[in-house]
Amino acid sequence: MTAWVQGELGIYLRNSVLYTGSAVIGILLVSSLAGYALARLDFAGKGVFTLVILAVMIIPAPAMFLAQYKLLISLNLTNNPVGYVLILITSGIPMSTLIMRSFFVSQPRAVEEAAALDGAGPLRIFWNVILPLARPGLAAVAVIQGLGAWNEYLMALVLFEDNSLMPVQRGLTAFTSAETPQQQILLAATTISIVPVVIFYLMAQRHIVKGIGAGAIK
């Protein structure tokens, strides 16, 4: 109770749920569309685009902080939840796109061709046929990126000045000041902070191995 009320852990948890949920939804939307395009469509520069995604994944996240921070300053999005969520989304798209591409490549085209013969357009096929079949891949991406967004610390440290906007990982540092060490409260707060992650994982676990395994085939 002390961690929840006096330490404002409830505010930090609410922020993390909002940031993580928004980031995961954005990543799933963009990466599923991009992954399907790379798996099924033929267009100029397709191979180059894939190589660019791989190159971006090689760059360590801290190496991009300065450029990202300058961009957010120019857009007036510092100390702003929107800017933070956009950083989380853009950071998770490259790997998620490749996972979804591998998953779509492993799926047979027969179902899509049957839907097309029934008169369904590309968007309807993607929304009503492809995405339901891609639930294991989507679940795997959601868990991987959800854990990454929930545990993110460095960008929140750089971006936020207002304590009321801090995510839970940044908020936990409030219990570790040298003047008022509160190790027992920190332990309680840390335990509470992992509960949403455990619940989310248990809900999606039956899809995770199937999704990653299907994507690894190709």
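Residue numbers count from 1 along this sequence.
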At what distance, to the nearest 0.5 angstrom, does [atom1] of [X] lie from [atom2] of [Y]?
| X | Y | atom1 | atom2 | result |
| --- | --- | --- | --- | --- |
| Thr78 | Glu161 | OG1 | CD | 7.0 Å |
| Ser31 | Met95 | OG | CE | 10.0 Å |
| Asn80 | Leu86 | CG | CG | 9.0 Å |
| Ile93 | Leu28 | CD1 | CG | 10.5 Å |

Stepwise side chain to side chain contact (heavy atoms under 4.5 Å, CB included) test for Leu54 and Leu98: CA-CA 9 Å; Leu54 290 171; Leu98 293 182; 3.3 Å; yes
Hphob cluster co-occupancy, [X] + [Y], side-chain heavy atoms under 4.5 angstrom:
| X | Y | value |
| --- | --- | --- |
| Leu117 | Ile130 | no |
| Met64 | Val52 | no |
| Leu123 | Leu29 | no |
| Ile27 | Ile59 | no |
| Ile73 | Leu71 | yes |

What do the steps show when you test Leu38 against Ile53 for side chain to side chain contact (heavy atoms under 4.5 Å, CB included), and what is the final call? CA-CA 11 Å; Leu38 291 175; Ile53 295 177; 4.0 Å; yes
Does some side-chain heavy atom of [Y] sit less than 4.5 Å from a side-chain heavy atom of [X]?
| X | Y | value |
| --- | --- | --- |
| Arg14 | Val17 | no |
| Tyr84 | Leu72 | no |
| Leu77 | Leu159 | no |
| Pro167 | Tyr153 | no |
| Gln68 | Ser91 | yes |
| Pro196 | Ile199 | no |
| Pro81 | Leu18 | no |
| Val141 | Val24 | no |

Neighbour count >12 (heavy atoms, 6.0 Å) for atom CG, Asp162: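 Check passes, neighbour count above 12.
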If we ignore angles and hydrogens, is there a donor and acceptor under 3.5 Å between the side chains of Tyr12 and Gln169? no
Apply the test side chain to side chain contact (heavy atoms under 4.5 Å, CB included) to residues Met155 and Leu88: give CA-CA distance (whole Å), side-chain angles for both, the deciding distance (0.1 Å), then the verdict. CA-CA 9 Å; Met155 181 53 69; Leu88 294 177; over 6 Å; no
By salt bridge (charged side-chain N to carboxylate O under 4.0 Å, His left out) - contacts of Glu112 (at least two apart):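 Expected list: Arg40.
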Heavy-atom pair with the smallest gap, counting every atom of [X] and [Y]:
| X | Y | value |
| --- | --- | --- |
| Leu138 | Ser32 | CD2-CB, 4.2 Å |
| Ala39 | Arg101 | CB-O, 3.8 Å |
| Ala34 | Thr97 | CB-CG2, 3.7 Å |
| Phe103 | Ala134 | CE2-CA, 3.2 Å |
| Val168 | Ser193 | CG2-CB, 3.7 Å |
| Gly35 | Phe104 | C-CD1, 3.6 Å |

Would you check if the side chain of Glu152 reaches a backbone N or O of Leu154 as a donor-acceptor pair within less than 3.5 Å? yes
Using 30° and 60° as the class boundaries, would you call the ring planes of Phe160 and Tyr19 parallel, tilted or perpendicular? parallel
Checking side chain to side chain contact (heavy atoms under 4.5 Å, CB included) for the pair Phe43/Lys46: CA distance, chi angles, key distance, verdict? CA-CA 6 Å; Phe43 54 90; Lys46 179 178 176 180; 3.8 Å; yes
